[in-house]
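In this text, all values refer to a predicted model and were calculated from it rather than measured experimentally.
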Amino acid sequence: MKRRLLLAILLAGLAGLALAQRAGWPRELVIAEVPIESAADYTARYKPFTDYLQARLGIPVRLFLATDYTAVQIAQAQGQVHVAFYGPGSYVDAIEKAKAPIEAFVKEDSIRSGLVYHSLIISKKGSGIRTLQDARGKDFAFVDPESTSGYKVPTAFFCLEAKIKPREFFRRVTFAGTHENVILGVYNGTIPVGATWDTGIAIAANKGQIKGLEDFEVIWRSDPIAASPWAWRTDLPQDLREALRRAFLEFKDTPEGKRWLEARGLKGFAPASDKDYDPFRKVNDAIKRPECQ
């Protein structure tokens, strides 16, 4: 009888300790991403990652798929999303425009280029469009107004280096919505010229949609861009933030994590901080200039 009583007291104490350790934790953790590919089976393909996080954290984890970058910024600013994936420029905008109380805590580590990636302007191999001058008068597609590699960095290039205004230089300028749409549009010949990122090329190749970069003419490649961050709300409890960082960094050490990351062209995640993205505050300022509009 005494043993049972001691066991009950011990279990109650452990339960109380667990609750104390999780004080302030949400009942459900919501993570968000703007689909860089088709959203049709995104939730299913994300399941190994959300299942892993749920097991590590001990609370339900739900993926929120937004239609564009602005929707993610607003949702995280309003507290509807706890953790979100951003491009560097959209991360800065989430803080400066949406006033989201967030901070980068990890960034992607690419198989192809490590802790950086590149913005590309591409055309289809064999299209005859090999230089920017060849692209004059052709249709051009960006990704999204909040996309770093799919809009902001190439826009800064057009304005500050090439000294052109896209809407005057190209016949028509559109937003394709996702990197996959740009890549496959160029590959299939429906988009003559477009802006995207090299990691997106690797993802499409891993999915068997294209062979790889050899399918395209690279008209322009940016300087290295700091890898895209995951950011948490800064009002999350400290112990939850510590658990999240550990979970992200250790995902590569699991069999399912290695497979999931490789499918996205990644080796894993690396620690990140807000100051890593100071250069994009300068890019944002540059493209606000009147001559860049």
Other than V30, what residues sit in its cluster of Ile, Leu, Val, Met, Phe, Trp and Tyr side chains whose heavy atoms are under 4.5 Å apart, directly or through others? F64, V81

Could you state whether V153 and I219 fall into the same hydrophobic cluster, counting links through intermediate Ile, Leu, Val, Met, Phe, Trp or Tyr residues with side-chain heavy atoms under 4.5 angstrom apart? yes

N-O pairing of E146 and K152 below 4.0 Å: yes

For A286 versus L160, what's the shortest heavy-atom pair and its separation? CB-CD1, 3.8 Å

Where at least one partner belongs to residues 110-136, residue pairs that pass ring-ring contact (aromatic ring centres under 6.0 Å, His included), sequence neighbours excluded: Y117-W197

Quick one: do K282 and D285 make a salt bridge, cutoff under 4.0 Å? no

Determine yes or no for a side-chain-to-main-chain donor-acceptor pair under 3.5 angstrom, with R241 supplying the side chain and L236 the backbone. yes

Check whether L115 and F85 end up in the same hydrophobic cluster, where Ile, Leu, Val, Met, Phe, Trp and Tyr are linked by side-chain heavy atoms less than 4.5 Å apart. no

How far apart are the closest heavy atoms of A23 and P237, and which atoms are they? O-CG, 3.7 Å

Would you kindly confirm whether L29 and L249 end up in one hydrophobic cluster when ILVMFWY residues are joined by side chain heavy atoms under 4.5 Å apart? yes

Evaluate the side chain to side chain contact (heavy atoms under 4.5 Å, CB included) criterion for residues T50 and Q54: first the C-alpha distance (whole Å), next the side-chain angles of each, then the deciding distance (0.1 Å), finally the verdict. CA-CA 6 Å; T50 53; Q54 184 165 301; over 6 Å; no

Between D93 and S90, is there a side-chain donor-acceptor contact under 3.5 Å, judged purely by atom types and distance? no

Least distance between heavy atoms, A226 atom then P88 atom: O-CG, 3.2 Å

Measuring only between side-chain heavy atoms, which start at C-beta, is R56 closer than 4.5 Å to E250? yes

Closest heavy-atom pair and its distance - L213, I201: N-CG2, 3.7 Å

Begin with the C-alpha distance, continue with both residues' side-chain angles, and end with the deciding distance and a verdict on side chain to side chain contact (heavy atoms under 4.5 Å, CB included) for R45 and W260. CA-CA 8 Å; R45 281 186 281 120; W260 189 86; 5.5 Å; no

Within-4.5 Å side-chain heavy-atom neighbours: P26 and L240: yes

Under 4.5 Å between side-chain heavy atoms, counting indirect links through other Ile/Leu/Val/Met/Phe/Trp/Tyr residues: same cluster for F280 and V116 or not? no

Is the closest side-chain heavy-atom distance between S119 and I225 below 4.5 Å? yes

Look at the aromatic rings of W220 and F157 and report parallel, tilted or perpendicular, splitting at 30° and 60°. parallel

Do K107 and Y91 touch side chain to side chain, with heavy atoms closer than 4.5 Å? no

Once the angle between the rings of F248 and F105 is folded into 0 to 90°, is it parallel (under 30°), tilted (30 to 60°) or perpendicular (over 60°)? perpendicular

F140 vs F142 aromatic rings, parallel, tilted or perpendicular, using cut-offs 30° and 60°? perpendicular

Does some side-chain heavy atom of D274 sit less than 4.5 Å from a side-chain heavy atom of I95? yes

Between E180 and the options V182, L184, I183, the side chain to side chain contact (heavy atoms under 4.5 Å, CB included) test singles out L184

Is the ring pair F251/F269 parallel, tilted or perpendicular, if the boundaries are 30 and 60 degrees? parallel

Using modelled atom types only, decide if a donor and an acceptor are shared between the side chain of T174 and the backbone of A176 within a distance under 3.5 Å. no

Which distance, rounded to the nearest 0.5 Å, do you find between the OG of S110 and the CG of L261? 11.0 Å

Beyond-backbone contact of I164 with L132, side-chain heavy atoms, under 4.5 angstrom: yes

Run D51 and K47 through salt bridge (charged side-chain N to carboxylate O under 4.0 Å, His left out) and show every step you take. CA-CA 6 Å; D51 285 352; K47 194 172 187 301; 2.7 Å; yes

Please determine whether a side-chain nitrogen of the Lys or Arg among K267 and E262 lies less than 4.0 Å from a carboxylate oxygen of the Asp or Glu. no

Rounded distance (nearest 0.5 Å) linking atom NZ of K288 with atom CG of N284: 5.5 Å

What I want to find out is whether D215 reaches K125 closely enough, with some N-O distance under 4.0 Å, to be called a salt bridge. no

If you measure from OG1 on T70 to CG on D144, what distance do you get to the nearest 0.5 Å? 6.5 Å

Donor-acceptor pair, distance only, cut-off 3.5 Å: does the side chain of E256 make one with the backbone of P48? no

Using distance alone, with no hydrogens and no angle criterion, decide if Q76 and Q80 have a side-chain donor and acceptor under 3.5 Å apart. no

Tell me if a side-chain donor or acceptor on S123 pairs with a main-chain N or O of V193 at a distance below 3.5 Å. no

Can you see which heavy atom on P154 is nearest to which on A195, and at what distance? CG-CB, 3.9 Å

Do E33 and R264 sit within salt-bridge range, that is, some charged N less than 4.0 Å from a carboxylate O? yes

Where do N206 and A263 come nearest, in terms of heavy atoms and distance? ND2-O, 3.6 Å

Please find out if less than 6.0 Å separates the ring center of Y151 from that of F175. yes

Show me the pairs that pass salt bridge (Lys or Arg N to Asp or Glu O under 4.0 Å) and involve residues 225-238, at least two apart or across chains. R233-D235

Tell me yes or no: between the side chains of R281 and Y277, is some donor less than 3.5 Å from an acceptor? no

Is a donor on one side and an acceptor on the other found under 3.5 Å between the side chain of K124 and the backbone of F216? no

Grouping I, L, V, M, F, W and Y whenever their side-chain heavy atoms are under 4.5 Å apart, do W25 and Y52 come out in a common cluster? yes

Residue pair I129 / K138, side-chain heavy-atom distance below 4.5 Å: yes

Can you tell me how far the CD1 atom of I122 sits from the OG atom of S127, to the nearest 0.5 Å? 10.5 Å

4.5 Å side-chain heavy-atom contact, R259 and P255: yes

Rounded to the nearest 0.5 Å, what separates atom CD1 in I102 from atom NZ in K99? 12.5 Å

Using 0.5 Å steps for rounding, measure from the CD atom of Q73 to the CG atom of D68. 8.5 Å

Compute the centroid of each ring, for Y86 and then for Y69, and state whether the two points are separated by less than 6.0 Å. no

